[in-house]
Structures are given as C-alpha cells and as structure tokens.
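What follows is a single structure, written as structure tokens, with notes after it.
Residue numbers begin at 1 in each chain, while the letters A, B, ... track the order of the sequences. Note that the structure is a prediction, hence the values are computed from the model and not measured.
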Amino acid sequence: MSTPPTHKPLADLPPSYRPAEEEPAILERWLQGDAYQANASADGDPYSICIPPPNVTAPLHLGHALNNTLQDILTRHARMSGKNAVWLPGTDHAGIATQTVVEKRVLAEEGKRRTDFERDAFIGKIQAWKDEYEATITDQLKQMGCSCDWDRQAFTMDDPRAKAVREAFFQLFKDGLIYRGKRLVNWDPVTQTALADDEVESKDIDGNFYYLKYPVCDAEGNLTGDHVTVATTRPETMLGDTAVAVNPKDEPRAKYIGQFVKLPICDRVIPILGDDYVVIPDPDSDDAKARMASGFLKVTPAHDTNDYEIGQRHDLPIINVMAPDGSISKDHGWPAEEWDAAEKPTDDVPSSVGFVAAFAHELLGQTREAARKAIVRWFKDQDLLAEVKPYRHAVGHSYRSHAAIEPYYSDQWYLKVTDDKLAGAALRALDESQREASSHDAFNAKTPSRQDAKEEPTGPTTGLTFTPPRYAKTFQTWHENIRDWCISRQLWWGHRIPVWSLQLTDQQAHIFRKNLDNKTDDSLGEGTDDAFATSTFLKKKYPDEIGLRFNEATRQLFCCVREDHPEILRKLSGTGWVQDPDVLDTWFSSALWPMSTLGWPERTPELDLWNPTSVLCTAREIITLWVSRMVMFNLYFLGRLPFKDVFIHAMIQDGHGQKMSKSLGNGVDPMDIIHSHGADAMRFTLASMTTQTQDVRMPVDMVDPHSGETFTPKFITASGGVKVAAPTQERDGKSMVSSYGLASGEVKPSDDQPLARNTSEKFELGQRFATKLWNATRFALSNLAEAEPDAVTSSLSLADKWILSKTVRAIEHADKTLKAYDFHNYAGGLYEFVWNEVCDWYIESVKPDIKTPEAAKSRKALATVLDVSLRLLHPVMPFVTERLWSGLNAVCPQRGVLGLDPVECDELVKAPWPIADRALIDLEAEEVFPRVQHVVGMVREVRAGAKVPPREVVDFSLHMEDAEAERVRPNLHLVETLTNTKMVAVGPDTEKPEGAAVVTGPAGIGYLHVQIDTAEEAERLNKRKAELEKSLKTLDGRLSNEKYTSKAPSHLVQQTRDQRAAAAAELDEVERQLAALE
RNA sequence: GGGUGAUUAGCUCAGUUGGCUAGAGCGACUCGUUUACACCGAGUAGGUCACAGGUUCGAGUCCUGUAUCACCCACCA
C-alpha cells in the first residue's frame, strides 16, 4: 500500500537540498505507509535487532544518534535485501538514574524530598517524567529516520516486560540461584542504595596516610605501655575496628600476635592476629603500599572489603559505625553494651571511657569527612598520631551521585551468577577464535555445555563474536572474575522484588528445620499460628506459583510469588508477611530485553523467529553491565544465545577528547543537527567517522541566537584541570541557553537567555554530500526521457562501460563493508563512487552529448547508475534518497541495463537491494579509462600552469606507437571533452609544433598547441624529471638487490621492472624535450 | 598495580595478511561562475608516519624498549 509521490517536479527545486523542507513529509509517508512494520509470518530470512533501550532520564545525545544510525543502516539494508527484518524499539526505566533526576527536580521546584511523599505518589511523579522523555526520545528517533517497528515499542517496566521479570526472578529463585545475603555492598550514601560492582567507578583522590598509635594491652585491657602503629587512609573507620593484623612472616612484628590493643576512643579491647594478607613494610619496594605500610593493619570488617574477609577468616565481630547516609552513628550495629558502658562510667570502668563517650557524642551525626578530621585531631591531641603522609589512591565512586562509595554491611538479594550455568555458559559461548588461553573451570568442565541451560539447546550456544575482536577479552575477563550480582536496590522506581518474608520464632524455626530434614514439605508449619500456616496452605494450593526459602541464620522464611494472584497476596498480607520494599537492579530487566521484547515467557512466533537476534550494536561501556547478562539469561532461560554478533562502536567525545555528557554541558542534541544540517547529513557524517579503532572527536560549536553566527563556546577549567563547557554560555555579555541544557529541564530560554543551538562543522561533510547527490540527480533528471531504449552493454561507450563496471564494484564494496560492520568504508566508498567517479568523471564525460539521440544508451546507463546509487545510499541517507527516488520514478521509471536490472519499486524504503552481475565488470574499460584520466590530468595541469582560459579550445596532438594509438583512437573524443581540446593528430609520426607544451605519460607524449613560456615549460619538465629520477633510483635500487629479485614474489618483481621501464621511457622523453627547448 | 587503544599533512582522520613513489575531508594558496551543483569545478603547496633499537631483500605496517594521551579493570593500609 504505497502512496503515490506527491512531490513537485524536481526542476522547480532549488539547487540546494533543504532537508527541513523535505524530511517531515517523507517521514510521514513512511510512518503512514507501514514501511517499518514487520510480520512474523512474512517471507524472508529473519533479521532482528533490539535497540539498546535509552534511559528515560534525558533526551538522546549524539552518542545515541551514532548508535541508532548504525542499527538503522543494518536494518534498512537487511530489509532491502529481502530479509524479514525487524528493529525493536524501547526505553529503559533506568531505576537509580531516573529516580535521582526526579528527586533533584522535585527538590528544586517544590522544596520537598522523596520521603515527604507516599511511595505511590512519588512513583507517579517519576512516571510523568518517564512519559515526557519517552515521548521525546521516540520523536527524536523518528526524526533521525530510525526505521523501528513502532507498533512493538517496549518499556522495561511495562506490563509484558514486568511479566518477564517476574517469571525470570521466580525461576531463578526456585532454581536456588537467588539468595539473601548479609555482606559488604557498594553503598552510595547519597542515593542510599546498594550498587553493583560495575556501577562503581574509581577515581584517583589525593588523600593521606595517617599513622595511628594503638596502645598495647593484655586480654583484660591492662596497658603494657607499648603501642603499635597502624596505617590508614580512613581514620574514621577505626571506631569499628575489631582487630589489628600482622603478617606472621613479618619477623620484627610477628611477636605481637596474640597480644591485644585497647582501641582509642572506644576503649574496645581487640586482638592482634596474624594474617598473610598484611603487606610487610619495605621502603625500597616498587609497591607503593609496601613503602607506606607500617606492618600493622587495622581491621574494620564493616567498612572495608578486605577487612571483611579477614574478619571472616578469624571470626571477628562486625561493627558498623555509620548510618545509611554515611554519617557516624551508634544505631546500626555498634554493640549496645559497649555504648551503654561508655555512657555511664562507673568506678568499675576505667575513667577514660567517660571521656571517650563524651567525644564520641561529638562524632555522632558527623559526615565521614568531618569525623575523619575530628578523629585525626583527637589522635594528635592525645599524642597518638605518629605521622601523616600524602597519598594518591583510587577510591570508588557512585556512577550516579559521584559520591564516594562506602563499603556497607547490609542485607541484599544476590543472583548467583558465579554458577556454572550462568557465567560458565557465557564463557563457553565465546567463539573459539576469540578465546584466550585460560585455566578457568568453565573451559575444563567434564561435561561441557550439558548443564548450560534449563532446557536442551534450542539454538546456538556458542559462536559469540565481538567486532572489533579485542572486546572479547573484556567479556572473558569479566566472567572469569565475576562475583555474585547484588540485584536489590533501595529505591522506589523499579520492579519490586516479588518476595514476601516472615520472621519465624525459635519454635517455628525448629519445626521448619525438622520438616526440612524429613523432607515432608507438606507438613510445613503444622501446629503453628496462622502466619506460619499460610505457607503450608499456599504451597499446597499453588505449588507452581510460589517458591519458599528458609534462611537459617536469620530465621526468616521467604516466599517468592510468581504472579500477583489475588488470593496469594491476600493470604500473605493478611497473616503478617511483609513484601520486600526494595526493587531490582535496572539491568535485571535489561538483561531479559532480547526475550521480553519478543513476548517471553510466552512462546510466541516472534520469539522463535527473531530470537536469537542478528546483532547487538552498542558501546563498550556496557559490555559487563548488559551484554554479559543478556548472554547469561538468554542461554539460561531459552537455551540459546541472544545474538552471535556483538558490534562495539566508537564513543563520541567533544573536541577536547572528553566524553559528552549533559552534566558537562558539552552534549549535542541530535535535533540541533537535524535542524541545521538535516538527518541524512548527521547520519552520513557519524557513519563515516566510525572506525574500529578510534573514538570520534566532535568539536562543539554554538549558534549565537542574537547574531546567528557560529562560535566556539568558552571553556572553563574545573578543579581537576579538565576542560568543561559551561551549561549556560556567555557571549558578549549576553547569556544564552544551550538547547541541551534546555532539554535537561534545568534552564529555560527567555528574552534574556534565548536558545542557542549546538552544532559542529563536522556535519558539513554529510550536508555537502547530500547536496552533491541532489544536484547530480537534478542533472540526470533534466536529461532523461521517460522511456529510453534498452541498452546493450556491447555498444556502450568507454565511459559507460567504465562506470557500469565501477557500479558493480560499488555494490560489492557496500555488501562487503556492511557485512563486516565497517561503516566508515561503507560510507566512504559510496562517497568516492558518487562524487569522484559518477560526478567528476562519468557525468563530465557524457555531459556535452547527453541529449543527442546517439547518447540514448548513455542515458540508460546514467539512469541505472543513479538508481543503484540511491539504493546503496538509502540505508545511511534515507530521506534524500527517498525524495530523489520519487523524482527518478516520475521522470524515468524504466531503468536498468543488461546485467544490472534493478526491480522497480514505488518507494525506496521497500525497494530491493541491487544485485550485480559480475559480467559487467569490464577489465579493459578499467584499464583504458584511467589512461584517459591520466592524460586529462596532465593536460589540465599544463592548461592551469599556462593560464589558458578554460573556455578556449586548444589543439592537441598525440605522439604514440600505432598499437597504443589504435587503442586510444576511439576515445579521443572523450579526451577532447574533458580537456576542452581539439585532437588534430595521433600516431607515431606526430611532430611537436613550435612552442607547444609537452605532456608526457607512460603511453606516449602529447603536444598541447599553446604558446608557452620556455622558462616555465623547462621548470615544469625539470620538476617532472626530478620526480622520475627519484623514482628510477628507488626502482633500480630494488632491482639491483639480488636478494629482492630472488626472494620477492615474481609478480612484484615484474611489476617493478614494468614501472622501471615506463619511468625510464618517460625520462628519456622529458630529457629529449628539455634538450629541444634549449 | 594490571589491561586495551592511540601517537601519520595546520586540523580531524584513513592506511585490511609487510610491497607506499604514504592518502582523504577540512583549512591554506592560484585560477574559474561553461545552464547539475560556489554546499561547485580545475590546479598547487604541505608529512624524516612520537622516539630509540631490532627482524627482513623491503617496515607507517611485525618485535623490544621509551615518552605522552585516553579509556577499562583491580580489595580505599
């Protein structure tokens, strides 16, 4: 159902392509015409791509534009190639990120915090934000030309996706892969939630090493008068110390093992123990730690992951001294008896305790930083501070709030990704060719691949391939060192964890354990109260709908609910069960994306057709966060990979090599570029800048809304010496708002602060190319007739044969590069083909005679070349090619030549990809045409040098051997056309006219009949002579080397001999001409 | 601390198994508005391929080392 073209004739259009005037109508036509829609029952090999769902936190930036351009190129190419192609769009709820931006906005606009609202009310506010930005994002994608199947748009938190999350969680819970654990997590004190390992980013911080003296004592706390010195960067955590450790191999210090210290401030008596982990001091060591170490390590299991592990080994108590916001607190794990004792000093307790408690009161409620200062001061005052040394070291920071991460002891849900069925399966999925040698168990399993999936394999389980290949290493290393995944987040915005819990009494726990031993699950909870009996009831009535788990240590009973069945919920909530308040890590739902977008857990036709998807196209930063987890989940739940190809593309940076980001104000809104240069220009530029090695640098300019001129915004230097752009730009005393700042909702334009759009000169490349294509088509269309006679290749001119040959090669080049995800060369190859070959040479060759009856075959060839060019360019420049396509269809509907006869189609978006017959490759034409080009180049050089007016027709004659002359003779007209000369003689007898300029070449000599200054001619010939001599010297050097002639491949040696002969012949001529000049 | 990538013309970047007399776009300079295109055409200039060694008949390309930059990973004594 195609709409007939309604455009004006092209002749009425201006010489420049105006994207803003053309793109909306074309977009509308595609959307109305269902151009992007896919049908699972349609013909064609399946091809599918899942969009990496953008976060609904903010509008898309140029990084997204690149990512989606590449996917659209692949999708459109697949669709045109006859595949049953679908591109599945959607957005991500981005739990922590979205909640954070909304919290910020609510605080700014209403002065209220999240906790001032009911949970549902605040979620409503986030939902409104999500709706707004999802709409913005969708509109951006559409205007970029992204050919997503919009009927299938998904959101990671909509109903179908929620169903998938619940099902996946339930299955993993039942399979014993999800567990509750109390351990150290990466805690973000600002957003007050746990973070996964890869949500933590390290930054180097200039800090200090503090050397604190701890008094040594006996087990009863009697001081010996001695002391040990611990070294730490975090003095404030000493409040939670429960031991001091020494390396047993550390001769001078090992003697302290078995003694005790009385922890200052707290007066806690803690042991000195031996542990290999402790670094032995060595002032000459390469290891900074060994140089700085004192040999005594304070052990704070609640606030340091290593200390936690030492604590586990030695069964130390864990004392948490902080509240969730990171302030010092006595209410989150500090032993009450210790505190109470300190609170009320008596005669039985050493007097210092009272003093300590009084000081501790000063600490309570202080931030980590303030507490650090206070404690250091205290140690100094007590003469217990031995030394302070500056030390630069890495500190983990929240990727969201950028606050320093606090290792924090808390209860969380974990997914056991370390299980072989998850991480092991992901490792084995990596294609053999990309694996590195490894001793990891996954590769040495006795029965590999058998245990990978819950079900038998239903598709590929191996062959995962990264492009560029080096990223396979990131993937492998990640899985070899993976730790269990903390999946709970203390947020409101996200998938609520579908687990209810019940705290059992000792009696209940006893019964439960007994029943567990007897494996009589049915009698669970018999003879106990309602709350506990509920589980029995539910277990019997809904055996497939709930999963039960008992936590021995905490006596908690957990019930995982598969779906929100009313009776189950009623029973649970009515009998004292409490639903877990936390939500799941965002990436849990993202990990299911290739399944959930296609209907899983239902076995839909779409799921079986389009999963595995064809390729995942993303940036390297989320290989661990996302790629890994999709691979593990798809393998686990479906028994096959979610995709085999992973294409990792470049990142876009600003002109200073900085990552673009909203907070730095250097982000560019794709809509600004579409506004100024057009979607095609943006797409083409981004694609052609995408190489496999380099990140893309995109200098950011701004358009001044006051004057309209473009300028480079000022950059200010931030503390780290990093250059960042100011979000609100100042210029000539007037301030303005960048459209990116506007989009973030932080600033709004006004009369005082009008809107300044970002831009970058880089996009002129694509814009110029679109205009060039536009004009080449205008030329063609003004010369083509509706029905040109059929052309037979044998009677085509040299230029026709040459360009058709090149066209075939262009098709092959496009196919080859797209298959290899080599977008730079796909775009670059077509640029060169259209601009240099079609426009500069072919059109210039046929231009003068194109309207004559004799040129009918050239017109047919031209129409065909244009047809193919538009098809090949459509994936990257869909708008302008579609617009020109309707013009071409209107003027010359019947195109094609023998061997290249593309199928007609009303709309380019649905047109078939060209298939080339290699018989059209004309080696003779490909050899002769460049000779013409060479001669033309030489003549043009002379004309330019001699300042011959371009319009003046100059006589030209060629001196060459008969054989060569015969070859050239049919194409003399071409030379005349391209050089504006008249050929007066060709052959071995041609003599040089008096005063003529000489043009030398490998096949002969040309004489340009112009009066030329002798000195200039001599200069030009001498220059050529020098070039030839240099070349000859190189070639001779190579040939005189016996080892070269004997060892190098024979065809190379022959090539060198030919080159030498040609250079020598030309040098002879040049010298002869030089002699004649004198 | 470990890893990855980069360093090529004034700028931004190509350069696939070693064969290069090293390319493109932008910018610069000269000429030109001949009805597809001045968002254009024709032409010119501009590079000891970061540095130092090595392998080879031959190195921008492979190896070793050094320097600088970027990013990723690592348990913040």
Side-chain angles (χ1 to χ4, degrees), chain A residues 15-17 184 198 201-202 205 207 209-211 230-234 237 245 277-279 286-289 292-299 303-309 391 393-396 404-405 407 468 470-471 473-474 477-478 481 620-621 623-624 651 653 655 657-659 688-689 691 693-699 761-762 764-765 767-772 774-783 820 822 824-825 828 831-832 839-840 843-844 847 937 940-941 943-945 947 949-951 980 1027 1030-1031 1034-1035 1038 1041-1049 1052 1055-1056 1059 1063:
Chain A
S16 296
Y17 171 56
L184 285 194
D198 40 19
E201 47 193 38
S202 347
I205 296 295
F209 245 109
Y210 300 91
Y211 295 81
V230 299
T232 180
T233 54
R234 298 203 53 200
T237 63
Y277 173 76
V278 182
V279 174
D286 290 339
D287 180 12
K289 230 176 225 179
M292 306 296 278
S294 71
F296 295 97
L297 176 66
K298 63 190 270 309
V299 182
H303 295 286
D304 184 288
T305 41
N306 298 313
D307 293 6
Y308 178 79
E309 280 164 24
Y391 183 56
H393 60 110
V395 177
I405 290 297
R470 63 176 177 276
Y471 293 111
K473 191 174 176 183
T474 307
T477 309
W478 170 253
N481 301 299
R620 62 176 172 270
E621 57 191 353
I623 289 174
T624 56
M651 314 261 286
Q653 303 164 335
Q658 285 220 138
K659 198 168 144 184
S688 63
M689 288 174 85
T691 62
T693 53
Q694 294 264 121
D695 284 338
V696 175
R697 282 201 185 192
M698 187 70 70
E761 61 184 21
K762 288 281 176 190
E764 287 168 22
L765 173 76
Q767 189 183 16
R768 269 193 287 264
F769 186 48
T771 303
K772 189 72 181 176
W774 177 265
N775 280 306
T777 309
R778 283 175 76 229
F779 168 79
L781 296 190
S782 63
N783 290 298
D822 182 1
H824 169 260
N825 281 316
Y831 182 93
E832 199 188 329
C839 294
D840 288 349
I843 288 183
E844 292 305 321
K847 193 190 263 181
R940 282 174 176 170
E941 190 184 326
R943 287 190 68 127
K947 300 219 180 349
R951 310 184 76 157
N980 199 26
E1027 281 170 9
K1030 186 187 164 200
S1031 161
T1034 309
L1035 296 169
R1038 212 178 284 172
N1041 187 332
E1042 211 174 297
K1043 288 177 180 169
Y1044 173 71
T1045 48
S1046 60
K1047 286 189 182 177
L1052 277 173
Q1055 182 185 311
T1056 309
Q1059 285 171 347

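- Residue A:Thr691 places at least one side-chain N or O under 4.0 Å from the OP1 or OP2 atom of B:A14.
- Contact annotation: A:Lys473 reaches the phosphate of B:U4 (side-chain N/O to OP1 or OP2, under 4.0 Å).
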Criterion side chain to side chain contact (heavy atoms under 4.5 Å, CB included) on A:Leu297 and A:Asp307, from CA distance to verdict: CA-CA 9 Å; A:Leu297 176 66; A:Asp307 293 6; 4.2 Å; yes

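- Atoms NZ (A:Lys772) and C1' (B:A38) sit 11 Å apart, rounded to a whole Å.
- Atoms CD (A:Glu941) and C1' (B:G41) sit 17 Å apart, rounded to a whole Å.
- You'll find a donor-acceptor pair under 3.5 Å spanning the side chain of A:Glu844 and the base of B:A36, going by distance alone.
- When each of A:Asp840 and A:Asn825 is assigned the nucleotide of RNA chain B bearing its nearest heavy atom, the one mapping closer to the 5' terminus is A:Asn825.
- Remark: B:A70 base-pairs with B:U4; criterion is Watson-Crick or G-U wobble with both hydrogen-bond distances under 3.5 Å.
- Using P as the reference atom, B:C71 and B:G19 are 33 Å apart when rounded to the nearest Å.
- A straight line from CZ of A:Arg620 to P of B:C73 spans 11 Å, rounded to a whole angstrom.
- For the pair A:Glu761 CD and B:G27 C1', the interatomic distance rounds to 9 Å; values are reported in whole Å.
- Under the Watson-Crick or G-U wobble criterion, with both distances below 3.5 Å, B:C49 has no partner in any strand shown.
- Counting to the nearest Å, the C1' atom of B:C40 and the CZ atom of A:Phe779 are 15 Å from each other.
- As a whole-Å value, the separation of A:His824 NE2 from B:G15 P is 7 Å.
- Nucleotides B:G27 and B:C13 place their C1' atoms 14 Å apart, quoted to the nearest Å.
- One C1' atom belongs to B:A52, the other to B:U7, and the distance between them is 15 Å to the nearest Å.
- Taking the P atom of each, B:G25 and B:U68 are spaced 36 Å apart, rounded to whole Å.
- Comparing the P positions of B:C26 and B:U64 gives an interatomic distance of 39 Å, to the nearest angstrom.
- Taking the C1' atom of each, B:G60 and B:G3 are spaced 25 Å apart, rounded to whole Å.
- Across the protein-nucleic acid pair, A:Glu764 atom CD and B:C39 atom P stand 10 Å apart, rounded to whole Å.
- Counting any heavy atom pair closer than 4.0 Å across all strands shown, A:Pro407 reaches a base atom.
- B:A28 and B:C11 have their P atoms separated by 15 Å, given to the nearest Å.
- Using a 4.0 Å heavy-atom cutoff across all strands shown, A:Leu765 reaches sugar-phosphate atoms only and no base atom.
- Below the 3.5 angstrom threshold, one finds no donor paired with an acceptor across the side chain of A:Tyr17 and the base of B:C39.
- A sub-4.0 Å separation between OP1 or OP2 of B:U21 and a side-chain N or O of A:Arg1038 is present.
- Separating the P atom of B:C49 from that of B:A59 is a span of 12 Å, rounded to the nearest Å.
- With A:Thr477 contributing its side chain and A:Thr474 its backbone, the two residues share no donor-acceptor pair below 3.5 Å.
- Between the side chain of A:Thr305 and the base of B:C75, no donor-acceptor pair of N or O atoms lies under 3.5 Å.
- The nearest whole Å value for the distance from the CZ atom in A:Arg768 to the P atom in B:A36 is 21 Å.
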